[in-house]
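Step one of this worksheet: look at the structure below.
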There are 2 protein chains.
Amino acid sequence: MASRMAVMPIDRAGTRHPQAEACARCAVRSQSLFGALDEAGLDRIHTRIEGLDMAPDETLYARGGDGSALYTIRTGVVRFERSTARGDRRIVRLAGRGDLIGLEALLQRPHADDAIACTPLQLCRIPRVLLDELGQDEAALTRALMQRWQDALDQSEAWVADLATGPARRRVLRLLLRLTELTEPGQPIWLPRREDIGAMLDMAIESASRFVSQLRREGLLSITGPRSARVDRVALLQAIEAQDRS
Amino acid sequence: MASRMAVMPIDRAGTRHPQAEACARCAVRSQSLFGALDEAGLDRIHTRIEGLDMAPDETLYARGGDGSALYTIRTGVVRFERSTARGDRRIVRLAGRGDLIGLEALLQRPHADDAIACTPLQLCRIPRVLLDELGQDEAALTRALMQRWQDALDQSEAWVADLATGPARRRVLRLLLRLTELTEPGQPIWLPRREDIGAMLDMAIESASRFVSQLRREGLLSITGPRSARVDRVALLQAIEAQDRS
DNA sequence: CGAGCCGTTGAGGGGATTCAAGCTCAGTGG
DNA sequence: CCACTGAGCTTGAATCCCCTCAACGGCTCG
């Protein structure tokens, strides 16, 4: 018995590995990739998952790079950018808490977009080979992965329908709605720079500024700091409805 | 030996099942879902796959419906629509030859979009339960499914970057480029009704008409019938480049 | 042949862009 | 201490692109 203990990793003697603790306590676990795994399953993988933080505007990965890892977002917002044939960039999707990003790495494909931190991030880095190994026998994991893919597809199609459709004011309103979904209820939202709003909604930064200011005057939006604001969710939904009726 | 033959399905005695022949000869098989399966694998599944045809504007499935099947497109073009909060509809993606659509059925989720035939279609209908069973042991199939999901995601993000960005003329040009990709080289492309172009590119039908006519006068596009046209691919690429430079 | 759908084209107006100026704020150095 | 600078944001004015409204032609079909 004592000898069995002796061959275990030194940091497992008595207490669990710190990352195992982190995974077990992780608040996003139920909605995250390994939610389907039990404690034993977690113990098998935790040593190879690495928690890391990133600052706003840092790049997780670049388009074209062949990634060796995926990331689960524990807190924060990530944007996916592509640069068009002209020099200008276009933001095609946002991801937030609980989302698994960089899925194309599992298929040995190069990354389709630049992935860039919008807010300070807390991430879990999951090596691709880890999922390759688990994928052999964990049907639940396979299913969870497919759900992630479908979630991303849903988001992308909703982006076309909601954020790339209609007059500029409508698009700004729907962007604010999406931003509230990426934030804990009651918390201030991440408010993008005007240039980023332009890259999301395909409008000039002056237009973005005009509508943000307009909504501020209407009392629907109040800015609480740089890159931070509060929205009156009820008024926002009313405004969207009014916009769609007219 | 003879007794073994006797217990086989009656239509397998001597010749193979007609659908088995169809699957084995299928030109899109190499790029389709079951490309990874060998002849024996095909034999196991072919009786439950049903070939079917659809006419333009027929609906494969509707948003909200919980699908019992997926479809492989053998020939033709399918569009995915959502209706926005206002009554108007928005086409968010196109699919063509070799694409597998309705993936969300595998997750017991309701369909995210309406799927509607643009051209005459030849489809293979794949029951959901069939993939559930195969999924148990076919790792190659799992991988193929994930690739389908990533393909769809790529298409959707490219839609945002290419077809929902920039001035109207640019969007029409890029739509034509996308339509050539959905057609065999040399064949005339499917040219949508002006109203559909509007729903794809978020523009008025008059604007769609104006740019189509403009491109026709420029010799870049020639209409060969209703819903059918030929494009000068070289001129098209030049026009896109010129558009992006200005 | 009239009705209806689809496509085309023109005229006018409105919304978004472009061009331009001025503002706040943080960082820098005289 | 304060001018200087540059980045980000805001606002105004002029322009232009696209939408709306409208009229018309071709075509199919009852």
Side-chain angles (χ1 to χ4, degrees), chain A residues 55-57 84 86-90 118-119 163-176 190-218 220-229 239 242-246, chain B residues 55-57 84 86-91 118-119 163-176 189-218 220-229 242-244 246:
Chain A
D57 298 322
T84 66
R86 301 143 65 185
D88 53 354
R89 68 202 177 91
R90 183 78 156 98
C118 294
T119 67
L163 301 183
T165 304
R169 179 182 157 96
R170 182 198 132 104
R171 304 207 301 277
V172 172
L173 287 170
R174 297 212 88 105
L175 174 60
L176 290 178
W190 168 65
L191 187 69
R193 305 205 327 258
R194 304 302 171 268
E195 187 190 344
D196 286 335
I197 295 179
M200 292 181 202
L201 305 181
D202 193 39
M203 66 177 64
I205 70 170
E206 295 93 334
S207 297
S209 174
R210 270 182 250 272
F211 287 107
V212 168
S213 300
Q214 186 184 88
L215 296 176
R216 210 152 48 111
R217 284 191 287 270
E218 292 175 15
L220 195 149
L221 181 76
S222 62
I223 286 164
T224 59
R227 309 298 98 77
S228 162
Q243 181 79 36
D244 288 343
R245 267 188 289 102
S246 70
Chain B
D57 296 324
T84 64
R86 303 145 61 184
D88 52 354
R89 66 201 178 91
R90 184 78 154 98
I91 297 173
C118 294
T119 67
L163 301 183
T165 304
R169 179 182 158 95
R170 182 199 132 104
R171 304 207 301 277
V172 173
L173 288 169
R174 297 212 88 105
L175 174 60
L176 290 178
I189 65 166
W190 168 64
L191 187 67
R193 304 205 324 263
R194 304 301 172 266
E195 187 191 344
D196 286 335
I197 296 179
M200 291 180 204
L201 306 181
D202 193 38
M203 65 177 65
I205 69 172
E206 296 94 332
S207 296
S209 174
R210 271 183 249 271
F211 287 107
V212 168
S213 300
Q214 185 184 88
L215 296 176
R216 210 153 48 111
R217 284 191 287 270
E218 292 175 13
L220 195 150
L221 179 75
S222 60
I223 286 164
T224 60
R227 312 293 99 80
S228 163
Q243 182 79 37
D244 288 345
S246 72

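Heavy-atom basis, side chains included; hydrogens, waters and symmetry copies ignored. Reminder, nothing fancy here: chain letters follow the sequence lines and each chain counts from 1. Please read all numbers here as calculations on a predicted model, not as lab measurements.
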Between Arg170(B) and dC18(D), is there a contact of a side-chain N or O with OP1 or OP2 at under 4.0 Å? no
Look up atom CZ in Arg227(B) and atom CD1 in Ile189(B), then write down how far apart they are to the nearest 0.5 Å. 12.5 Å
Can you list, by residue number, the residues of residues 191-201 of chain B that have a non-hydrogen atom closer than 4.0 angstrom to DNA chain C? Arg193(B), Arg194(B)
Without decimals, in angstroms, what is the distance between Met203(A) CE and dC18(D) C1'? 15 Å
Quick one: pull up CD in Gln243(A) and CZ in Arg169(A) and give me the separation to the nearest 0.5 Å. 5.5 Å
Which heavy-atom pair separates Ala229(A) from Thr224(A) by the least distance, and what is that distance? N-OG1, 3.5 Å
Checking side chain to side chain contact (heavy atoms under 4.5 Å, CB included) between Met200(A) and each of Val172(A), Leu163(A), Leu175(A), which is the one that passes? Leu175(A)
Could you check whether Pro226(A) gets within reach of a base, just the sugar-phosphate, or nothing at all, counting any heavy atom under 4.0 Å? nothing
If I take atom CZ in residue Phe211(B) and atom C1' in nucleotide dT8(C), what distance separates them, rounded to the nearest angstrom? 14 Å
Starting at CG of Leu191(B), measure out to SG of Cys118(B) and round the result to the nearest 0.5 Å. 11.5 Å
Atom pair CG (Asp244(B)) and CG (Leu173(B)), whose distance is rounded to the nearest 0.5 Å: 9.0 Å
Report all interatomic pairs (protein N or O, nucleotide N or O of nucleotides 9-13 of chain C) with separations under 3.5 Å.
| unit_1 | atom_1 | unit_2 | atom_2 | d |
| --- | --- | --- | --- | --- |
| dT9(C) | OP1 | Arg217(B) | NH1 | 3.4 |
| dT9(C) | OP2 | Ser213(B) | OG | 3.1 |
| dT9(C) | OP2 | Arg217(B) | NH1 | 3.3 |
| dG10(C) | N7 | Arg210(B) | NH1 | 3.0 |
| dG10(C) | O6 | Arg210(B) | NH2 | 3.2 |

Please list, for nucleotides 27-30 of chain D, all pairs of protein and nucleotide N/O atoms separated by less than 3.5 Å.
none

Could you state the interatomic distance from CD (Glu195(B)) to CD1 (Ile197(B)), rounded to the nearest 0.5 Å? 11.0 Å
